[in-house]
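Here's the structure, in structure tokens; my notes come after.
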Amino acid sequence: MNAGTLTEAILEFPDNRLLIDLCGEFDRNLTDIETRTGVQILRRGNQLAIHGPEESQAAARDVLMALYQRLEQGRSVGRGDIDREFRLAPEDETPDRQLEMFDGGKVEIKTRRKLIEPRTEAQKAYVRSLYQNEMCFGIGPAGTGKTYLAVAVGVNMLITGAVDKIILCRPAVEAGERLGFLPGTQEEKVDPYMQPLYDALNDFLPGKQLAKMREEKTVEIAPLAFMRGRTLSNAFVVLDEAQNATTMQMKMFLTRLGEGSRMVITGDRTQVDLPRGVPSGLQDAERLLKDIDKIGFNYFTARDVVRHPLVAAIIEAYERDAEGG
């Protein structure tokens with residue numbers, strides 16, 4: 001029987017309550033799987049019947065069984081989990097003894113509010129690199145989780161005692177806007193620009209706990225210029241939007257690394273907001289440091305975008321235009 005032959009596969013699920021969660025509200029999860037595989041999924045009591053070509057049917061079956069297994073483990077199933085199951089190859093069963101938290105092959109980040117799991121192979125490699133290297137670069141387009149995953153790892157290291165503080169910073173370069181003309185104090189001007197970093201932290205830490213940590217300076221969010229003259233010890237430090245750091249700013253930042261600290265540098269080489277003729281410190285750092293051991297370089301493409309599917313299509317369109325220009 002060839003791969004294009006239409007057949008029916010029956011999956012039986014022993015726990016009807018978990019099956020309800022698997023299907024999702026108004027069978028939303030089943031609809032997502034149908035859309036991605038081209039099959040039709042019908043529910044009959046505690047069974048799901050999958051209609052379609054054998055190859056597509058097998059893909060849908062594998063995703064459904066993996067998601068049901070998540071539910072059996074007490075985890076939830078949402079659209080992001082479905083997306084991850086389609087993107088990622090089956091987990092390697094060989095334990096990774098270098099990283100105790102990844103025993104059994106799983107890559108996951110525990111924070112106070114949620115459990116974070118990478119959704120693409122590039123994200124998985126990046127998270128491993130964040131734990132393995134004292135300095136790590138995440139380079140690629142917007143929406144690929146570079147900063148989000150870095151902040152998640154920082155929160156995990158903070159709550160497990162691996163570091164004493166988290167420091168998040170960005171170069172104060174305005175993307176076509178002038179901060180100086182905005183009303184308010186310097187902090188009030190800068191805070192909206194730092195909002196993506198606040199958003200990530202709010203995803204991982206309860207509001208009251210985060211407020212207390214900020215008051216105690218256990219968590220800091222500041223412009224890159226505020227790092228000058230400091231030695232950052234026992235800290236998890238993230239430089240976001242690093243493509244907008246100048247070469248001198250990047251050198252200043254990288255040389256702040258102190259004992260017991262980790263540094264993560266994230267950026268998108270296609271979105272440089274520096275004045276014309278000013279070289280990006282991210283590109284210089286990549287060129288100068290790529291051969292140094294224990295500095296990890298991880299790269300993302302439009303295929304790793306985990307926002308709305310249109311975001312990936314938009315990035316690819318701009319990339320094609322740049323290549324043709």
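- With Arg70 contributing its side chain and Ser76 its backbone, the two residues share a donor-acceptor pair below 3.5 Å.
- Grouping the Ile, Leu, Val, Met, Phe, Trp and Tyr side chains by contacts below 4.5 angstrom, directly or via other members, places Leu254 with Leu288.
- Here the rule is side-chain contact (heavy atoms from CB on, under 4.5 Å) with Pro171, and of Leu224, Leu274, Asp240 only Leu224 fits it.
- Judged by distance alone, the side chain of Ser261 and the main-chain N or O of Ala235 form a donor-acceptor pair under 3.5 Å.
- Residues Leu30 and Leu42 have side chains not in contact (no heavy-atom distance under 4.5 Å, counting atoms from C-beta outward).
- In this structure, Phe137 has its ring center at least 6.0 angstrom away from the ring center of Tyr126.
- Once rounded to the nearest 0.5 Å, the distance linking CG of Leu201 with CG of Leu168 reads 5.0 Å.
- Annotation: ring pair (Phe, Tyr, Trp, His ring centres under 6.0 Å) contacts involving residues 60-79, sequence neighbours excluded, comprise Phe13-Tyr68.
- Summarising the geometry of Ala60 relative to Ile50, their closest heavy-atom pair is CB-CG2, 4.3 Å, with the distance given to 0.1 Å.
- A donor-acceptor pair under 3.5 Å is formed between the side chain of Asp81 and the backbone N or O of Gly78.
- One N or O on the side chain of Asn156 and one on the backbone of Lys110 form a donor-acceptor pair closer than 3.5 Å.
- Two residues are said to be in side-chain contact when any heavy atoms from C-beta on lie closer than 4.5 Å; Gln209 and Met213 meet this criterion.
- Judged purely by distance below 3.5 Å, without hydrogens or angles, the side chains of Glu286 and Tyr299 pair a donor atom with an acceptor atom.
- Between Asp304 and Ala122, the closest heavy-atom pair is OD1-CB, 3.4 Å.
- Arg170 is listed as a side-chain neighbour of Leu197, based on a closest heavy-atom distance under 4.5 Å.
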Requested in this report: Please report the C-alpha distance between Leu115 and Ile109 in whole Å, then the side-chain angles of each, then the deciding distance to 0.1 Å, and finally whether the side-chain contact (heavy atoms from CB on, under 4.5 Å) criterion is met.
Outcome: CA-CA 6 Å; Leu115 184 73; Ile109 311 161; over 6 Å; no

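- Under a 3.5 Å cut-off, the side chain of Gln123 and the backbone N or O of Arg119 do form a donor-acceptor pair.
- Asn133 places no side-chain N or O within 3.5 Å of a backbone atom of Met135 that could act as its donor or acceptor partner.
- The minimum heavy-atom distance linking Lys114 with Ile116 is given by the pair CD-CD1, 3.1 Å.
- Closest of all the heavy-atom pairs between Ala150 and Val238 is CB-CG2, 4.3 Å.
- Between the CD1 atom of Ile166 and the CG atom of Leu205 there is a distance of 6.5 Å, given to the nearest 0.5 Å.
- Environment of CD in Glu72: crowded, with over 12 heavy atoms of neighbouring residues, nucleotides or ligands closer than 6.0 Å.
- The distance from the OG1 atom of Thr31 to the CZ atom of Arg36 is 13.5 Å, given to the nearest 0.5 Å.
- In this structure, Lys146 contributes its side chain and Gly140 its backbone to a donor-acceptor pair below 3.5 Å.
- When the shell of 6.0 Å around CZ of Arg303 is examined, it contains 12 or fewer heavy atoms from other residues, nucleotides or ligands.
- Taking CG of Asp27 as the reference point, atom CG of Leu22 lies at 9.5 Å (rounded to 0.5 Å).
- When atom types are taken as modelled, the side chain of Glu134 and the backbone of Ile295 share no donor-acceptor pair closer than 3.5 angstrom.
- The structure places CE of Met65 at 10.0 Å from CG of Leu67, a figure rounded to the nearest 0.5 Å.
- Side-chain polar atoms of Asp199 and Tyr148 form no donor-acceptor pair below 3.5 angstrom.
- Counting all heavy atoms, side chain and backbone alike, Ser129 lies closest to Asn298 at OG-OD1, 3.0 Å.
- Counting heavy atoms from C-beta on, the side chains of Val163 and Asn234 never come closer than 4.5 Å.
- Asp273 is not listed as a side-chain neighbour of Gln271, based on a closest heavy-atom distance of 4.5 Å or more.
- Residue Phe26 is not grouped with residue Leu71 when hydrophobic side chains (ILVMFWY) are merged at heavy-atom distances under 4.5 angstrom, including chains of intermediate members.
- Neither Ile20 nor Val77 shares a network with the other; the hydrophobic side chains, linked directly or stepwise wherever heavy atoms of I, L, V, M, F, W or Y lie under 4.5 Å apart, form separate groups for each.
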Report task. With side-chain contact (heavy atoms from CB on, under 4.5 Å) as the test, would you mind laying out the steps for Met250 and Met248 before giving the verdict? Result -> CA-CA 5 Å; Met250 181 64 76; Met248 290 306 296; over 6 Å; no

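- Using a 4.5 Å heavy-atom threshold, the side chains of Leu18 and Gln69 count as separate.
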Query raised in the report: Does the salt bridge (charged side-chain N to carboxylate O under 4.0 Å, His left out) test come out yes or no for Arg44 and Glu8, once each step is laid out?
Result: CA-CA 13 Å; Arg44 301 170 182 163; Glu8 177 183 89; 3.1 Å; yes

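- Contact of the Met263 side chain with the Leu239 side chain is not registered, since no non-hydrogen atoms from C-beta on lie closer than 4.5 Å.
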Which atom pairs, one a donor and one an acceptor, fall under 3.5 Å between side chains of residues 216-223 and the rest of the protein, sequence neighbours left out?
{"residue": "Glu220", "atom": "OE1", "partner": "Arg230", "partner atom": "NH1", "Å": "3.1"}
{"residue": "Glu220", "atom": "OE2", "partner": "Arg230", "partner atom": "NH2", "Å": "3.1"}

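- Side-chain N/O atoms of Thr266 and Thr147 include a donor and acceptor closer than 3.5 Å.
- Residues Ile167 and Phe236 have side chains not in contact (no heavy-atom distance under 4.5 Å, counting atoms from C-beta outward).
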Report task. Assess whether side-chain contact (heavy atoms from CB on, under 4.5 Å) is satisfied between Phe204 and Leu210, documenting all intermediate values. Result -> CA-CA 9 Å; Phe204 307 136; Leu210 177 56; over 6 Å; no

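- Put simply, the side chain of Arg256 gets close to the backbone of Met252: a donor and an acceptor are under 3.5 Å apart.
- Heavy atoms only, all atoms of each residue included: Gly52 and Val39 are closest at CA-CG1, 4.4 Å.
- With sequence neighbours left out, Asp62 forms a side chain to side chain donor-acceptor pair (under 3.5 Å) with no residue at all.
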**Report entry** Worked check of side-chain hydrogen bond (donor to acceptor under 3.5 Å, both in side chains) between Glu241 and Gln243
**Finding:** CA-CA 5 Å; Glu241 300 286 349; Gln243 75 275 2; 2.6 Å; yes

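- Side chain of Arg112 to backbone of Asp203: no donor-acceptor contact under 3.5 angstrom is found.
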Requested in this report: Decide side-chain contact (heavy atoms from CB on, under 4.5 Å) for Thr255 and Phe253; before the verdict, give the C-alpha distance in whole Å, the side-chain angles of both, and the deciding distance to 0.1 Å.
Outcome: CA-CA 5 Å; Thr255 54; Phe253 175 78; over 6 Å; no

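- To the nearest 0.5 Å, atoms CD1 (Ile82) and CD1 (Ile33) are separated by 5.0 Å.
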